[in-house]
Amino acid sequence: DIVMTQGALPSPVPSGESASITCQSSKSLLHSNGKTYLNWYLQRPGQSPQFLIYWMSTRASGVSDRFSGSGSGTDFTLKISRVEAEDVGVYYCQQDLEFPLTFGSGTKLEIK
Amino acid sequence: QVTLQESGPGLIKPSQPLSVTCSVTGYSITTSYYYWNWIRKFPGNKLEWMGYISYDGSIYYNPSLKSRISITRDTSKNQFFLQLNTVTTEDTAVYYCARHALPGPQGFDYWGQGVMVTVSS
């Protein structure tokens, strides 16, 4: 199985500042078609996960442009610009390259 | 508007089967090319993908669960189902159903609210 490893955030993040969440995969997620199969989700308190980013850097429908994804084949970053109260929750990365699909352990974002 | 809604037992005893239903509204589960998944979240935030049933009825399970899991569907009711056999306390989790598209946007784009299932004697 592909293991996804997420870093912790120095918490809490001051409101209006930027936050960067890291994720590493145990295998390159770069497909021969040129797409990198890495997704990001946000689970706000008391809610189900929300789809944020797919193919490493493409925002899902309706997602704010304050969220941006970047990376290489095995190292990825989700950047949240100008953090707001509604950004609080747990962020997960997920690989979509091969089965079984696997998630990172989650990174909690708190805001000061 | 696509909505998914799980329903399940809440509390079950060890060794009993766990059964959860996902009712989908606003979208047919037989529409190409969507996959209908079960995902669970353990206490402590870990997420585990369990398996899917596709628009054409094909099925794929996480190998870690393969001997215990069954996913089926009722297209007339636009529902799909999870059964997990021989549960232990380690199966205590929130169970989610979620839609996944292939090809893109390739990810879990719609989720149910989740149902908490506790395994305890």
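Residue numbering restarts at 1 for every chain, and letters A, B, ... go by the order of the sequence lines.
- Side chains of A:Leu109 and A:Val13 form a contact here, defined as non-hydrogen atoms less than 4.5 Å apart.
- Side-chain contact between A:Thr74 and A:Gln24: absent, with no pair of heavy atoms (C-beta onward) separated by less than 4.5 Å.
- Taking 4.5 Å as the heavy-atom cut-off, the residues of residues 39-54 of chain A that approach chain B are A:Asn39, A:Tyr41, A:Gln43, A:Gly46, A:Gln47, A:Ser48, A:Pro49, A:Phe51, A:Tyr54, ordered by number.
- Counting heavy atoms from C-beta on, the side chains of A:Trp55 and B:Gln106 come closer than 4.5 Å.
- The side-chain contact (heavy atoms from CB on, under 4.5 Å) test applied to B:Arg40 returns B:Phe42, B:Glu48, B:Met50, B:Leu65, B:Arg68, B:Leu84, B:Asp91, B:Ala93, B:Tyr95, not counting sequence neighbours.
- Heavy atoms closer than 4.5 Å to chain A are found in both the backbone and the side chain of B:Phe108.
- Side-chain contact between B:Cys97 and B:Phe80 is present, with at least one heavy-atom pair separated by less than 4.5 Å.
- Only the side chain of B:Tyr60 has a heavy atom closer than 4.5 Å to any heavy atom of chain A.
- Aromatic ring centres of A:Phe99 and B:Tyr52: separated by under 6.0 Å.
- Partners of B:Phe81 under the side-chain contact (heavy atoms from CB on, under 4.5 Å) rule, at least two apart in sequence or in another chain, are B:Thr21, B:Thr72, B:Asp74, B:Gln79.
- Side-chain atoms of A:Thr107 and A:Gln6 form a donor-acceptor pair, as typed in the model, at a separation below 3.5 Å.
- Taking 4.5 Å as the limit, every side-chain heavy atom of A:Ser105 sits out of range of all side-chain heavy atoms of B:Lys46.
- Identified by a heavy-atom distance below 4.5 Å to chain B, the contributing residues of residues 87-97 of chain A are A:Val90, A:Tyr92, A:Gln94, A:Asp96, in residue-number order.
- The shortest side-chain heavy-atom distance between B:Met116 and B:Thr92 falls under the 4.5 Å cut-off.
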